[in-house]
Structure formats: structure tokens, C-alpha cells
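Letters A, B, ... are given to chains in the order of the sequence lines, protein chains preceding strands, and every chain is numbered from 1.
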Amino acid sequence: MDSVKSQWIKIIAAGLLEAAGEKGLTLENIEDKIVVERPPRSEMGDLAFPMFPFAKDFRMAPPAIAALAAQALGTPSEGEVKTAGPYLNVFLNRTSVTRELLNEVEKAGDAYGASDMLKGQKVMVEFSCPNTNKPLHLGHLRNDAIGESISRILKAAGADVKKVNLINNRGVHICKSMLAYQKFGEGKTPESTGIKGDHLVGDFYVKFNQWSKEDSTAEEQAQEMLRQWEKGDPQINELWETMNRWTIDGIRETYEKTGISFDTYYYESDTYLSGRDEVLKGLEQGVFYKDEDGSIRLDLSDIGMDTKVMLRSDGTSVYMTQDLGTAIARHKDFPFDRLIYVVGAEQEYHFKVLFHALKKLGYSWADMLYHLSYGMVNLPEGKMKSREGTVVDADDLLADLTKMAKDEIIAKEREEAVGDADETAGKIALAALHYFLLQVSPYKDMIFNPRESLSFNGNTGPYLQYMSARINSMLEKYQERKEEFAGAELDYSLLNSEAEWELIKLISAYPSQVRQAASELNPSIVAAHLYDTAKAFSRFYHDCPILGSGDKNLTRSRVALSEAVLQILKNGFELVNIPFLSKM
RNA sequence: GCGUCCUUAGCUCAGCUGGAUAGAGCAUCGGCCUUCUAAGCCGAGGGUCAGAGGUUCGAAUCCUCUAGGACGUACCA
């Protein structure tokens with residue numbers, strides 16, 4: 001459809017030029033001025049060209065320009081041009097557009113929608129970045145969903161994408177769960193308790209917070225532990241390694257369940273030292289300064305901000321120190337053209353400072369860093385608060401969703417048909433979750449209502465899966481009954497209903513939607529387009545019998561259309577991490 | 001205080017670089033299963049696009065102000 005659009009821009013331009021010529025006017029850069037739109041209702045045409053931008057050139061009212069241009073255009077072979085007030089509306093030659101499009105989709109297959117828009121670009125995407133003191137919660141799931149999805153979308157746009165994680169495995173917060181374990185742990189392990197490692201460690205983190213309310217020295221003890229640890233205390237180190245492994249193993253299990261993966265894991269425990277060296281180097285160079293209190297700081301007055309600690313007065317490193325080291329290590333490993341940090345909006349200040357610090361340290365690639373600042377997930381009652389126990393745990397949520405999906409399968413008596421009901425339920429849960437998280441623009445805060453938000457009806461992931469499963473089943477039946485339709489011929493002119501034409505237009509728009517999602521780093525564009533497509537198919541499927549159309553050629557042609565729709569759904573599912581189900 | 005962002009139907013959200021009558025889903029009400037999966041389809045009601053100015057032929061969209069909200073402004077991450 002892109003080629004159709006540019007073709008029509010040329011046609012309209014020619015018409016306008018001719019009309020202008022008749023009036024003795026000359027127009028410049030006419031093609032750049034032409035705006036292509038979609039008419040608000042399909043019966044008004046397929047493409048719309050508003051004439052407002054030419055009012056000044058013509059010194060005429062837009063409707064009059066439209067009339068003149070339409071007259072000049074006459075009846076081009078590519079379609080029909082009609083005026084509608086100030087608009088020129090184009091009705092495309094449906095048969096030829098359909099033929100071309102369905103052939104293109106079939107040829108491209110899984111690659112339909114892919115482009116070379118970002119060809120040659122190396123893009124690193126950082127996301128997830130869990131702390132090793134507690135399990136993942138709903139906020140992480142949104143981060144993971146966005147990070148994984150934009151990685152896939154950028155890849156589809158031709159970029160060389162490297163997905164990276166950063167394990168926040170050091171810092172005072174880690175010491176807190178360790179300290180609580182030392183005090184109250186009684187040697188418990190994931191094996192001895194049967195509790196998933198990340199949850200077990202998280203329980204001790206909660207315990208620390210309870211204990212610190214009773215014992216005012218708790219915070220100081222945690223700080224002391226951090227100092228001992230950075231000095232290399234072997235006992236602390238051993239405990240750290242053990243508890244870290246528990247957490248990371250647990251978190252990796254959650255990644256596997258949700259279809260998230262990384263090309264490279266970075267660990268703050270590996271990068272904080274190089275970050276510290278970097279800070280000391282920067283101190284020598286005069287980029288940083290030593291404050292009266294002994295801490296090493298960056299003066300940000302040149303960008304209208306205060307100062308920021310780069311290294312604590314006791315010599316231990318902060319978040320910033322580690323992120324400096326990590327960024328530098330990453331650019332060495334993978335000289336990116338762009339590094340996208342998928343991190344919550346609450347850390348905007350941090351990244352502003354980080355990027356600024358790297359620039360001042362003389363790293364030219366500091367300009368290629370980008371903070372994809374996404375919004376928070378809130379509950380109807382407000383913020384999720386771990387202290388009040390209102391945090392929605394990732395594993396619990398997945399388990400609940402899977403249970404709901406399984407109950408639904410049983411209620412609909414689809415266990416047999418579906419094959420492995422548990423596996424299917426798990427995939428439905430993922431679809432519900434990922435679609436819910438990705439249908440919203442990343443940068444906006446969103447509200448998660450556990451009771452209502454994850455329904456399986458309406459504008460949801462399972463609805464998409466359902467439509468694709470139905471198409472798949474129908475196509476399988478077609479294959480089984482192949483002899484019945486032997487000798488059938490594809491006749492695109494038979495696909496002449498409005499429902500079919502709507503589908504054609506949606507299929508043709510898919511690649512541009514993917515490109516837009518890539519340039520805006522916004523998966524919700526893909527999600528919305530998938531919904532529109534599924535919805536349009538649903539209407540078509542309801543109105544237009546396929547296998548029972550009564551006309552072999554019509555059946556064959558509608559099958560071809562359905563195949564293309566299924567291809568778009570499958571390709572799009574891949575981009576937003578929704579599993580395709582052949583049966584549901 | 002300062003900075004950044006948000007405010008569209010009862011609720012949750014779309015609405016692309018300004019363009020024709022602002023759209024979905026949920027919820028409410030009413031239809032549709034001897035025919036390809038009813039996790040579906042069709043229809044109805046529901047809007048001063050927070051408010052006020054401005055720019056423009058034209059504003060939910062751009063600018064300014066006001067109100068409400070979120071986040072940040074840590075030797076937490």
C-alpha cells in the first residue's frame with residue numbers, strides 16, 4: 001500500500017499542476033505539500049487528499065480546487081477520483097491492489113512487516129535489571145514486556161539488536177536481605193523449604209524491614225556489612241554468592257515462563273570496580289571534585305542542576321558509579337549506535353546525570369544513550385507498596401492467570417480439543433498479560449485492576465489468540481477437504497465485500513505500523529493494529545462463509561485472504577510476545 | 001519551592017507529524033448458536049476531549065496561563 005500511496009501522490013500532483021497551469025499559476029514542491037489521509041468512513045473512499053494546503057497558491061477555496069483537480073485528472077486507470085467538498089477522495093482498483101498485496105504477503109511470509117529501515121544500526125536494549133533481593137513484581141513485568149517487544153520490533157525494522165540485562169546484585173539493599181538471613185535464616189535453603197529462591201530471599205528482605213522498625217541499629221549494620229563486603233570479607237562474599245544464585249535462578253525461571261531472554265547479562269558486581277576507577281580518573285582530570293564531606297561529586301550547575309555523588313565518602317560505590325562502569329564496558333563489548341535504557345520514569349534524573357557524566361568524561365558515544373522512560377503500574381487504590389504488601393508478585397500473577405485460563409478451557413469443554421490444557425492455559429495467560437501491558441503507550445502510567453483488567457473477552461490478548469486459532473482451524477479443514485475444492489482458481493475480483501476490503505487495507509498497513517512502532521519505540525501501535533485486524537476478520541468471518549461459500553473459486557480466494565490475515569497476526573504476535581495457539 | 005510528565009465516555013485506554021460526524025473494550029440495556037470454535041457477532045444509550053485564552057481557513061492534537069494528579073529534586077536503586 002505504500003507504493004500505492006506514493007503512486008497516488010504523483011497522480012494527484014500531476015492533476016494539481018495541470019489545474020494550476022490552466023489558471024496560469026505555477027506551483028512548487030507540490031508533492032511535499034500533498035497530504036494523504038484515510039477518509040473517516042470507508043464508503044467515502046480509500047485515500048483522501050485534502051486541498052486546504054493549496055488554498056493560498058490557488059487563491060481559491062479548497063472545494064473549488066478539488067473540483068478543478070478532479071476535472072484535470074479525469075478517470076485514471078489506477079482508480080477513481082471523486083470530490084467531497086475540500087477533499088479529493090480516491091477509490092482504488094480493488095482487484096489489482098488485492099492481487100498484489102496477497103502475493104506480497106505470501107512471498108514474504110514470516111518476514112512480512114520487516115523492513116531495512118534501521119539496517120546497519122547496532123542497537124543495545126537494556127531492560128529488566130532486577131535487584132537480587134526480591135522476586136519480580138508487576139512493574140518488572142511491564143519493563144520486561146516493553147524491553148522484549150521493542151527489541152523485537154527494532155530487529156524487524158532491520159537493526160542489529162543486542163538485549164542486555166543488568167543484575168543489581170550489590171548495594172545496601174542486598175545486604176539487608178543477607179543480614180536478615182544471618183539473623184533469622186536458620187540455614188534455610190530453597191531446597192529445604194521448597195520455596196523458589198527469589199521468593200525465599202525476598203522473604204528475608206521483608207523480614208529486615210520489620211526488624212529495622214524494632215532495632216534502630218539495623219540500617220547502620222547493613223551499611224557496615226556493605227563496607228566489609230567491598231573490603232572482601234570472605235564470609236559475606238560466600239553468603240552473597242549463595243543468596244544471589246538463589247535469586248537469579250528464580251528470576252531466570254520467571255523469564256523462561258514469560259518468554260523473555262537476553263543476549264548478555266551484566267552484573268554490577270563486575271562493573272562497580274571499573275566504575276570506581278573511572279570516577280577516580282575523572283577526579284584527577286577535574287571532571288569530578290572531592291566535597292568537604294569526603295564524597296566525590298559531579299557539579300551539575302552547568303545544566304541547571306545541583307551536585308551528584310559519584311562515590312561515597314567511605315569509598316563505597318553508588319548506583320551511579322556502577323552504571324558508569326557498565327556503560328563503558330558495554331560500549332567496548334558492542335560499539336552501539338544507540339543504547340536504549342528501558343527504565344521507569346522515576347529515574348529520569350539519574351539518567352540525565354549519567355549521560356552528562358559520560359559526556360564530560362569524554363565519551364563521544366554519550367550522545368547515543370537514550371532513556372526509554374516508561375510509566376508506573378498502579379493499583380486502583382494507588383501505588384504498589386511492598387511495605388503494605390500490595391505488590392503484585394509476578395509469579396503469583398502468572399499462576400492466577402493460568403488458573404483462570406484453565407478454568408475457562410474446562411468450562412468451555414475444550415480440554416480434548418486443545419491438547420495440552422495446562423500448556424495452553426499458560427500461553428493464554430501470557431497473551432492476556434502481555435497484551436494488557438503493551439496496549440498502553442509505554443510512557444504513560446497505567447492502572448492495573450486485578451479483577452477487571454485481565455478479562456479474556458473483548459480487546460484482549462486471548463481474543464487475538466482466539467481469532468488466530470479459529471483461522472488456523474478453518475484452514476486446516478480446508479486442507480483436509482482439499483479434493484472438494486480441486487481445480488478452484490484464485491479470483492481476486494470475488495473478494496468484493498466491504499468486510500474483505502477492510503481486511504485488505506489493514507493487511508497492507510501492517511508494515512508501516514511496524515516501522516512506526518520502531519521509530520517511536522512504542523509496541524502499543526502494533527498491539528492496536530493486531531486488534532483492529534482481528535476485529536475486522538471476526539466481522540468478515542461472521543458475514544462471509546468461507547468453506548461453505550458454495551463457490552469453489554470464492555472459497556479458494558477467501559482462504560487466500562484468511563491465510564494473509566493469519567500471517568499478519570502471527571508476525572505481530574511475535575513482536576508483542578503473544579504465543580500463537582493453533583487450537584484454543 | 002523548582003523540574004519533568006499526565007488529565008479524552010461511569011471504568012480502563014486508543015486517537016500518527018493539526019483536517020470531514022472524537023473511537024475501542026469493560027460495565028448497562030436489547031438482539032444472534034440445526035451452518036467454518038458464542039473467549040464470538042450485531043445494535044442502543046453514554047463526551048463542554050480538566051478549565052480559560054491564543055495561533056490557524058481548521059485544534060483533543062501546537063503555544064501560554066489556571067486547577068487537579070503523578071514522579072523527581074538521597075552518601076537508595
Side-chain angles (χ1 to χ4, degrees), chain A residues 35 37 39-41 44 48 50 52-53 55-56 61-62 84-87 89 129 131 133 168 171-174 223 268 291 293-297 304-306 308-314 316-320 322-323 343-350 352 373 375-376 378 380 382-383 405 408-409 411-412 414 417 428 432 436 439-441 443-449 452-453 455-460 462-467 469-471 473-478 481 512-513 516 520 522 524-525 527-528 531-532 535 538-539 541-549 555 558 562 583-584:
Chain A
V35 178
E37 286 167 11
R41 289 192 310 279
M44 300 170 83
F52 303 104
K56 273 184 188 145
Y87 292 88
N89 287 345
C129 304
N131 293 325
N133 62 339
N168 294 296
V172 207
H173 56 295
I174 305 295
Q223 289 288 348
E268 289 196 332
D291 196 79
D293 60 15
S295 62
I296 297 178
R297 291 172 182 256
M305 295 198 275
D306 207 0
K308 186 75 190 173
V309 171
M310 309 304 282
L311 204 59
R312 289 197 189 96
S313 48
D314 64 6
T316 60
S317 55
V318 289
Y319 183 37
M320 191 64 70
Q322 304 159 160
D323 253 5
V343 181
E346 66 276 11
Q347 293 193 31
E348 267 167 19
Y349 179 76
H350 169 80
K352 229 176 243 171
S373 166
M376 311 216 315
N378 295 315
K383 251 187 109 163
E408 201 72 12
I409 292 169
K412 293 177 195 308
R414 294 287 297 170
I428 293 170
F436 177 77
Q439 73 183 135
V440 181
S441 294
Y443 69 92
K444 280 190 180 175
D445 286 352
M446 65 187 291
I447 292 180
F448 172 77
N449 185 329
E452 294 168 11
S453 299
S455 122
F456 296 159
N457 304 321
N459 188 356
T460 64
Y463 172 83
L464 298 180
Q465 286 178 313
Y466 177 67
M467 288 322 305
R470 285 182 73 180
I471 299 173
S473 300
M474 183 268 294
L475 291 174
E476 276 177 12
K477 283 195 179 116
Y478 175 75
R481 292 163 53 183
S512 68
Q513 297 287 300
Q516 196 187 338
E520 290 179 24
N522 184 356
S524 77
I525 293 169
Y531 177 71
D532 289 343
K535 176 98 181 152
S538 197
R539 189 168 300 152
Y541 202 41
H542 187 265
D543 297 347
C544 307
I546 297 175
L547 302 181
S549 73
T555 294
R558 284 181 173 166
S562 304
K583 296 220 158 26
M584 189 169 161

Requested in this report: May I ask you to say what Pro40(A) touches in the nucleic acid, namely base, sugar-phosphate or nothing, with a heavy-atom cut-off under 4.0 Å?
Outcome: base
Query raised in the report: Are the aromatic rings of Phe456(A) and Tyr466(A) close, with centres under 6.0 Å apart?
Result: no
Query raised in the report: Is Ser473(A) side chain donor-acceptor paired with the rC36(B) base, going by distance under 3.5 Å alone?
Result: no
Query raised in the report: Going by atom types alone, do Asn457(A) and Ser455(A) pair a side-chain donor with an acceptor below 3.5 Å?
Result: no
Query raised in the report: Looking across every strand, which nucleic acid part, if any, lies under 4.0 Å from Lys383(A) by heavy atom: base, sugar-phosphate, or nothing?
Result: sugar-phosphate
Query raised in the report: When we call it a touch if two heavy atoms are under 4.0 Å apart, what does Glu37(A) touch: a base, just sugar-phosphate, or nothing?
Result: base
**Report entry** Met474(A) and Arg558(A), any side-chain heavy atoms less than 4.5 Å apart
**Finding:** no
Query raised in the report: Quick one: Asn378(A) CG to rU12(B) P, roughly how many Å, whole number?
Result: 11 Å
Report summary line: Taken to the nearest whole Å, NE2/His542(A) to P/rG31(B) is 16 Å
Report summary line: Sorted by position of nearest nucleotide on RNA chain B, 5' first, the leading residue of Tyr466(A) and Gln439(A) is Gln439(A)
Query raised in the report: Any donor and acceptor pair, going by atom type alone, linking the side chain of Ser317(A) with main-chain N or O of Leu311(A) inside 3.5 Å?
Result: no
Query raised in the report: Base, sugar-phosphate, or nothing: which does Gln347(A) touch, judged by heavy atoms less than 4.0 Å apart?
Result: base
Query raised in the report: Side chains of Asp323(A) and His350(A): do they bring a donor and an acceptor to under 3.5 Å?
Result: yes
**Report entry** Tyr541(A) side-chain proximity, nearest of rU37(B), rA77(B), rA14(B)
**Finding:** rU37(B)
Report task. Can you tell me, in whole Å, how much space there is between the P of rG54(B) and that of rG58(B)? Result -> 12 Å
Query raised in the report: What is the distance, rounded to the nearest whole Å, between atom NZ of Lys535(A) and atom P of rA39(B)?
Result: 15 Å
Query - Nearest-Å distance for atom pair CD/C1', residues Glu346(A) and rA77(B) - result: 10 Å
Query raised in the report: Starting at NE2 of His350(A) and ending at C1' of rC75(B), how long is that distance when rounded to a whole Å?
Result: 15 Å
Query raised in the report: Can you tell me how far C1' of rA74(B) sits from CG of Asp293(A), to the nearest Å?
Result: 12 Å
Query - salt bridge (charged side-chain N to carboxylate O under 4.0 Å, His left out) between Lys412(A) and Glu408(A), intermediate numbers included - result: CA-CA 6 Å; Lys412(A) 293 177 195 308; Glu408(A) 201 72 12; 3.3 Å; yes
Query raised in the report: Taking any strand in view, what nucleotide pairs with rG23(B) in a Watson-Crick or G-U wobble way, both distances under 3.5 Å?
Result: rC13(B)
Query - Distance in angstrom units between Ile447(A) CD1 and rG10(B) P, rounded - result: 15 Å
Query raised in the report: With a non-hydrogen cut-off below 4.0 angstrom, is Met584(A) in contact with a base, only sugar-phosphate, or nothing?
Result: base
Query raised in the report: When we call it a touch if two heavy atoms are under 4.0 Å apart, what does Met446(A) touch: a base, just sugar-phosphate, or nothing?
Result: sugar-phosphate
Query raised in the report: Mapping Glu348(A) and Tyr531(A) to their closest nucleotides on RNA chain B, which lands nearer the 5' end?
Result: Glu348(A)
Query raised in the report: With distance as the sole criterion, do the side chain of Asn459(A) and the base of rC26(B) form a donor-acceptor contact below 3.5 Å?
Result: no
Query raised in the report: Between rC16(B), rC57(B), rA74(B), which nucleotide gets closest to the side-chain atoms of Phe52(A)?
Result: rC57(B)
Query raised in the report: Would you say Lys412(A) reaches rA39(B)'s phosphate, i.e. side-chain N/O to OP1/OP2 under 4.0 Å?
Result: yes
Requested in this report: Can you check whether any acceptor in the base of rA20(B) is under 3.5 Å from a donor in the side chain of Asn89(A), or vice versa?
Outcome: yes
Requested in this report: Please state whether the phosphate of rC42(B), meaning OP1 or OP2, lies under 4.0 angstrom from any side-chain nitrogen or oxygen of Arg539(A).
Outcome: yes
Query raised in the report: Ring stacking, Tyr349(A) with base of rU73(B), under 5.5 Å and under 30°?
Result: no
Query raised in the report: How would you label the contact of Thr460(A) with the nucleic acid (heavy atoms, under 4.0 Å): base, sugar-phosphate, or nothing?
Result: nothing
Report task. For Tyr443(A) and rG72(B), give me the distance from atom OH to atom C1', rounded to whole Å. Result -> 19 Å
Query - P gap between rG40(B) and rU21(B), integer Å - result: 32 Å
